[in-house]
Amino acid sequence: MAGIIRPVKGTRDFYPELMAQRMWLYNRIRAVSESYGYQEWEAPMIEALELYAAKSGEELVKEQAFVFPDRGGALLTLRPELTPSLARLIAQRARELPRPIRWWSFGPFWRYERPQKGRTREFFQWNIDLLGSASIVADAEIASIGAGLLAALGLTSQHIVISVNSRRLMEARVADLGVRAEERPKVFRLLDRLDKLPADKWAAEGTQLGLSDQQLAGLQLLMQDREQWRSSPELTAFFDTCSALGTREWFDFDPTIVRGLDYYTGMVFEARDRDGEFRAILGGGRYDNLVADVGGDPITGVGFAMGDVVVQLVLEKYGVLPKLRAAPADVLVTVFSAELLPASAALAHALRAAGLRAELYPEADKLAKQLKYADRLAIPFATVLGPDEVAESNVTIKQLASTTQLKCVLTAAPQALLRLRDGAA
RNA sequence: GUGCCUGUAGCUCAAUCGGCAGAGCUCCGCCCUGUGGAGGCGGCUGUUGUGGGUUCAAGUCCCAUCAGGCACCCCA
């Protein structure tokens, strides 16, 4: 079978089992999002390239986006992220949307990267945002929703920590060290890599940015000060609100979290497994200038994104991924012979009309084979309609798990099966 | 874009020092002509990723190429 065309690099095939997992994740996301009063929305999956030029990181667009011309020559992009689309939708109806705006979304995204563990080229991402409120309560609510989902998936704060920092606090502390405003984005990126680079290389890069040895030493001290949040009204209010919202245990202050994206203006946070084995499960923060940057009226915002790939790995690691073996049907209607196929088809119809999920075997075949099929699909019941049953206007109902079977009047079969199904469940 | 590892049956993998390409699972048939899971017996499946080189002899060694995985970069 060398002739099978391989799937496109970095994509995943969702066989029914995997699809069930994806829908399980989606349903949990929807339940948690809706429990906080957020509305689902969706944007196009192809957008004009210009939409991303305004704000996304240079690398994200130039090197990680799928870009292609349409037949007229205009450059289109398979969306690599959702936030620019969000900014557009908000900007288009800025005056009419009641504020605060609470929206969530779950859909596919594409990035042209080298696939590896926890990273694919096609992935699904949950985005949730709260716009139009500058209150720290909004930040705490968004972050708490992230914790709420992790809990809904079966994880606990023993497994996961959501690390929190404030760009504002870091800005002030870095300014105290004498770093000019225009250099701070580069300094933040340097801070982001403190634990990723060997000490001497890190210092060399810092020197190259024009930082003195004294400033570099100051930055390192800054990264070690785990208690400095106590002097930040923003962070103390954040943690207090999380306490009130019942999610405090998930959060830790971590000065090394600054996040790579330039558009964050206040709180930033990311969730990781406590062993630090995987990359971030989710990440986000406050972005008060974003909508204005794409040409809309200024509106504040806070939100985060969570990809489906890493969270899947984390769930597997901690063994909390449910074994989803949902049977596709409640009952398999077997076909005894070609002559009796219409009778079986009619039975299947009657079962469906009664609200049962009934699967009709598509042809006459050995009963052994048909029952084996039901067994492999975990279908709990099977009906047998052979000459004996037809002669008596009966049908045999077999419960596969218990290997028991009973005969009942054909017309009573739907009710009997409903009772058996609901009794079994 | 940089580096490392791996390509053998539909799937997971063996094959000693270079010496006849194998096993388990799956699938199909039978044991069992109206009843599934377990068991027994039998059967199908291969240009060893591709191209070249060395050798009496290459899955095995060498070169190239393609594909996949992992790490860096970046990020969900």
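Computed from heavy atoms alone, side chains included, the values below leave out hydrogens, waters and symmetry copies. Chain A is the first sequence line, chain B the second, and so forth, proteins listed ahead of strands; every chain is numbered from 1.
- Nucleotides B:C30 and B:A71, compared at atom P, are 49 Å apart to the nearest Å.
- Of the P atoms belonging to B:U48 and B:A21, the separation is 10 Å, rounded to the nearest Å.
- Across B:U60 and B:G22, the matching C1' atoms stand 15 Å from one another, rounded to whole Å.
- A side-chain donor from one of A:Q228 and A:R173 sits under 3.5 Å from a side-chain acceptor of the other.
- The cationic group of A:R167 lies under 6.0 Å from the six-membered ring centre of A:F188 and within 45° of the ring axis, placing it in a cation-pi geometry.
- With rounding to whole Å, A:I128 atom CD1 is found 15 Å from B:A76 atom C1'.
- For the pair A:W110 CH2 and B:A76 C1', the interatomic distance rounds to 15 Å; values are reported in whole Å.
- Under the 4.5 Å side-chain criterion, counting only non-hydrogen atoms from C-beta, A:E359 is not in contact with A:D330.
- Nucleotides B:G24 and B:C61 are separated by 27 Å at their P atoms, to the nearest Å.
- As rounded to the nearest Å, B:U45 and B:G1 have P atoms that lie 42 Å from one another.
- Using a 4.0 Å heavy-atom cutoff across all strands shown, A:Q370 reaches no nucleic acid atom at all.
- Nucleotide B:A38 holds its P atom 14 Å from the CG atom of A:L371, rounded to whole Å.
- At whole-Å resolution of the value, CD1 in A:I397 and P in B:U35 are 19 Å apart.
- Of the charged side-chain nitrogens involved, none lies within less than 4.0 Å of a carboxylate oxygen, so that A:R226 and A:D252 do not count as a salt-bridged pair.
- Under a 4.0 Å N-O distance rule, the pair A:R272/A:E277 does not qualify as a salt bridge.
- Within 4.0 Å of A:V384, counting heavy atoms only, lies at least one base atom of the nucleic acid.
- Using a 4.0 Å heavy-atom distance criterion, A:D308 is classed as making no nucleic acid contact.
- Residue contacts shown for A:Q405 include a base, since a base heavy atom lies under 4.0 Å away.
- Taking atom C1' in both B:U8 and B:A14, one finds a spacing of 9 Å when rounded to whole Å.
- When both distances must be under 3.5 Å, the Watson-Crick or G-U wobble mate of B:G29 is B:C41.
- For A:R114, taking side-chain heavy atoms from C-beta onward, the closest of the listed nucleotides B:C75, B:U2, B:G34 is B:U2.
- Listed nucleotides B:G1, B:A76, B:U35 differ in distance to A:T396; the shortest reach to its side chain belongs to B:U35.
- Pair check for B:U2 finds B:A71; Watson-Crick or G-U wobble, both atom distances under 3.5 Å.
- At a threshold of 4.0 Å, the pair A:R102-A:D129 does not count as salt-bridged, since none of the basic side-chain nitrogens sits closer than that to a carboxylate oxygen.
- Pair assignment for B:C13: B:G22, on the basis of Watson-Crick or G-U wobble contacts that are both within less than 3.5 Å.
- Nucleotides B:C66 and B:U50, compared at atom C1', are 7 Å apart to the nearest Å.
- Rounded to whole Å, atom P of B:U35 lies 16 Å from atom CG of A:D375.
- Remark: A:R286 does not engage A:E141 in a salt bridge, criterion side-chain N to carboxylate O under 4.0 Å.
- Along RNA chain B, the nucleotide nearest A:T403 and the nucleotide nearest A:G118 are compared for position; the residue whose nucleotide lies closer to the 5' end is A:T403.
- For the C1' atom pair drawn from B:U2 and B:C73, the interatomic distance equals 9 Å after rounding to whole Å.
- Considering only side-chain atoms of A:L400, the nucleotide from B:A76, B:G36, B:C74 that sits closest is B:G36.
- Using a 5.5 Å limit on the distance between ring centres and a 30° limit on the angle between planes, the aromatic ring of A:F336 does not count as stacked on the six-membered base ring of B:G34.
- For the ring-ring contact (aromatic ring centres under 6.0 Å, His included) test with A:W41, the passing option among A:W103, A:F106, A:W104 is A:W103; the others fail.
- Where A:G10 and A:G307 each meet RNA chain B at their nearest nucleotide, the meeting point lying more 5' is that of A:G10.
- With hydrogens and angles ignored, no donor-acceptor pair closer than 3.5 Å exists between the side chain of A:R111 and the base of B:C75.
- When Watson-Crick and G-U wobble pairs are counted only if both distances are under 3.5 Å, B:G34 pairs with no nucleotide at all.
- Residue contacts shown for A:Q312 are absent, as no nucleic acid heavy atom lies under 4.0 Å away.
- Atom-to-atom, CD of A:E122 to P of B:C75 comes out at 22 Å; the value is rounded to the nearest Å.
- Neither OP1 nor OP2 of B:G36 sits under 4.0 Å from any side-chain N or O of A:K398.
- Using a 4.0 Å heavy-atom cutoff across all strands shown, A:A374 reaches no nucleic acid atom at all.
- Closest contact between the side chain of A:K366 and the listed nucleotides B:C30, B:A76, B:G36 involves B:C30.
- Regarding contacts with the backbone of B:G37, every side-chain N or O of A:K369 stays at 4.0 angstrom or more from both OP1 and OP2.
- One atom, OH of A:Y361, and another, C1' of B:U35, lie 14 Å apart when rounded to the nearest Å.
- Judged by Watson-Crick or G-U wobble contacts below 3.5 Å, the nucleotide B:U54 has no partner.
- Following rounding to the nearest Å, A:F188 (CZ) and B:C74 (P) show an atom-to-atom distance of 17 Å.
- Within the 4.0 Å cut-off from OP1 or OP2 of B:A71, at least one side-chain nitrogen or oxygen of A:Q116 is found.
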